[in-house]
Protein chains: 2
Amino acid sequence: MPSLSEQSGSLLSARAVLTGYQPLKEEIVRRQKTLPKRLLQIATFALASPDEVAFGTVSSIAKHVGVPPSAIIRFAQHFGFDGFVEMQRLFRDRMRERSSEYEERLQSLNHGVDPDDEAGKTLEGFFAAGRRSMENAFQSVDHEKFSSAASILADGKTIYLLARRRSFPIVSYMAYSFAKLGLRCELASSPMGTDGDLLRFAGPDDAALAVSFSPYASETVAQARVLRERGVPLVSLTDSPFSPIAAISNVWFEVVEADYGGFRPLSASMVLALALCVAVAERKQWN
Amino acid sequence: MPSLSEQSGSLLSARAVLTGYQPLKEEIVRRQKTLPKRLLQIATFALASPDEVAFGTVSSIAKHVGVPPSAIIRFAQHFGFDGFVEMQRLFRDRMRERSSEYEERLQSLNHGVDPDDEAGKTLEGFFAAGRRSMENAFQSVDHEKFSSAASILADGKTIYLLARRRSFPIVSYMAYSFAKLGLRCELASSPMGTDGDLLRFAGPDDAALAVSFSPYASETVAQARVLRERGVPLVSLTDSPFSPIAAISNVWFEVVEADYGGFRPLSASMVLALALCVAVAERKQWN
DNA sequence: TTGGTAGTAGAACAATAATTTCATCGACGT
DNA sequence: ACGTCGATGAAATTATTGTTCTACTACCAA
């Protein structure tokens, strides 16, 4: 890029590289006064109902605003985009990140990452995924389900914890927490092969919690089945309604962790698990 | 339409009028077992990442799932929609609702939840703590530290993981992740007392990572000391500059988890740990 | 008035996307 | 083994959508 266009970048629109919704919004406000009538109409609409822009087509938006379709294109180009679609991407990204206002503040803080800082990108990526996970879970966990899960577990004399592989850290933390809280629980994931024997002690007045994410460990599923056959109430934490343990649970939570490059942090599940531990303890105090 | 097809409406798909995302989701789950393989693939994807469906096009979704575009249309029609777009509308509506719903929910956080929903308060409290943790950590973790920690660990032939009690879930997840990534690591937290023997194999061309939060488990500190004396580079993850392991580490991170009623979620540490694993693997690929 | 500039509308075009069709495959019952 | 029927994928078809182009209008200065 020649320096000429960089210079004019702020005055005219010369292929400005607007990287997010928030910067675009600011740019629009800044240029508000210099905008022709039609473009101002569009700008107003875009800021007022960004959702429409995110989903709509050029002509649907044009109809909403009351301008011809070409005006929409010119609007996008006026702000340095190559076309409408490129601009629309910003609006879509915004929706993806949900929590509009809240997340916007963070976005604007966003440390521009040094492009050749490979590790830095990884770090930011995982934190972003962690945050998304948390927001998602926060929104998708139902209070009533949570409450009834807590009471099911609280009614159990002993709480059996089932998990393998990726899910193991979660139950190991739960085991720790339950112990601290003075509740009896058993970790049916021991490295020795004695789980089967352990579970033979479980009965209808106990309770179990299974954690399993795709690909579902067959041992966990098998153990959960055994417990259900013995009449043990089962709460589970999984990532899809299709999960084999969801089908056999009395109550189950769906927690979809966001991923970065295929790796999923367990952050949201961890929070939910801990909340569950404490809620169980609280409820048990009542009885 | 003849009455025949109406009758079969519940069995087959005959133009079922699904009015929202939630009903659709339930319908999908209900018919799960009767779905052909391809359609099940699509169903799984649709429920796992509804956002993609909301924004994507037939072919972009098809590519994601790994099926031909026509399968997507068939999927929509199978559930009584006229075509893909009609189904997509449900997914879009969901997103719209969600973002407004979300703000309401945040609002209700401030005004307090239903006062006699004890469990609900616990739940919200922990999610709030989880989010605060994440924000804190995100801002306090230094990129350079992270980068050098990654390279220290990447230079180790074997990575030794040290942690007890509350910190154990973190290293157990790291051990899992390292294994998946094809890196050699040893979990020096075994229930048997053989850790001392294990650590005797460690040397200067290995590396170690210790995780310890207040109150610092004495075993972890002791093990860390031993390793340092043997010249093993040490990275640590802790919650205070005064932590005994911070003093003896080559690089250390301070992660202060927010708490709710004295209980701390491990969410932020978990994310950092995972990011570290992946960064190490990336760096190792270079060498 | 005239010439120039900037803005606008709407048709025409090119690209992309959704849908349908059809030949093939494979499981299942006879 | 054979035939049937639903499921499947590739390609053809149809529709929608984004973008460009050109002619027209309003406005301003000379």
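Letters go in sequence order (proteins before strands), and every chain restarts at 1. As a basis for the values below, the full set of heavy atoms in this structure was taken, side chains included, without hydrogen atoms, waters or symmetry mates.
Closest to the A:S70 side chain, of the nucleotides D:dA7, D:dT20, C:dT20, is D:dT20. Comparing C:dA9, D:dT8, D:dG18 by their closest approach to the side chain of A:V85 singles out D:dG18.
One can place NZ of A:K37 at 13 Å from C1' of D:dC27, the figure rounded to the nearest angstrom. Atom CG in B:L39 sits roughly 11 Å away from atom C1' in D:dG6 (whole-Å rounding). Rounded to whole Å, atom C1' of C:dA9 lies 16 Å from atom NZ of A:K63. The CZ-P distance, from B:R89 to C:dA18, rounds to 15 Å in whole Å. Atoms CD (A:Q41) and P (C:dT8) sit 8 Å apart, rounded to a whole Å. With rounding to whole Å, A:R38 atom CZ is found 12 Å from D:dT25 atom C1'. Look at CG on B:D82: it is 13 Å from C1' on C:dT20, rounded to the nearest Å. The distance from atom CZ of A:F75 to atom P of D:dT19 is 14 Å, rounded to the nearest whole Å.
Between B:Q88 and C:dA18 there is no side-chain polar atom (N or O) within less than 4.0 angstrom of OP1 or OP2. The phosphate of C:dT20 has OP1 or OP2 within less than 4.0 Å of a side-chain N or O from B:Q77. Proximity of B:R74 to the phosphate of C:dT20: no side-chain N or O atom is located under 4.0 Å from OP1 or OP2.
The stretch residues 47-55 of chain A has no heavy atom under 4.0 angstrom from DNA chain C at all.
Put simply, the residue from B:I61, B:L47, B:I72, B:L90 that forms a side chain to side chain contact (heavy atoms under 4.5 Å, CB included) with B:V53 is B:I61.
If you check every strand for non-hydrogen atoms under 4.0 Å, A:V67 touches nothing.
Of the residues near DNA chain D, B:T34 and B:P69, the one whose nearest nucleotide (by heavy atom distance) lies more toward the 5' end is B:T34.
Scored by the side chain to side chain donor-acceptor pair (under 3.5 Å) test, B:Q41 finds B:R38 as partners (sequence neighbours excluded).
A distance of 6.0 Å or more separates the ring centres of B:F55 and B:F91.
Nearest heavy-atom pair, B:P23 versus B:G20, reported as atom, atom and distance to 0.1 Å: CD-O, 3.3 Å.
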For this session: Given ring pair (Phe, Tyr, Trp, His ring centres under 6.0 Å), test B:Y173 with A:F168 step by step and report yes or no.
Result: CA-CA 8 Å; B:Y173 192 40; A:F168 177 74; over 10 Å; no
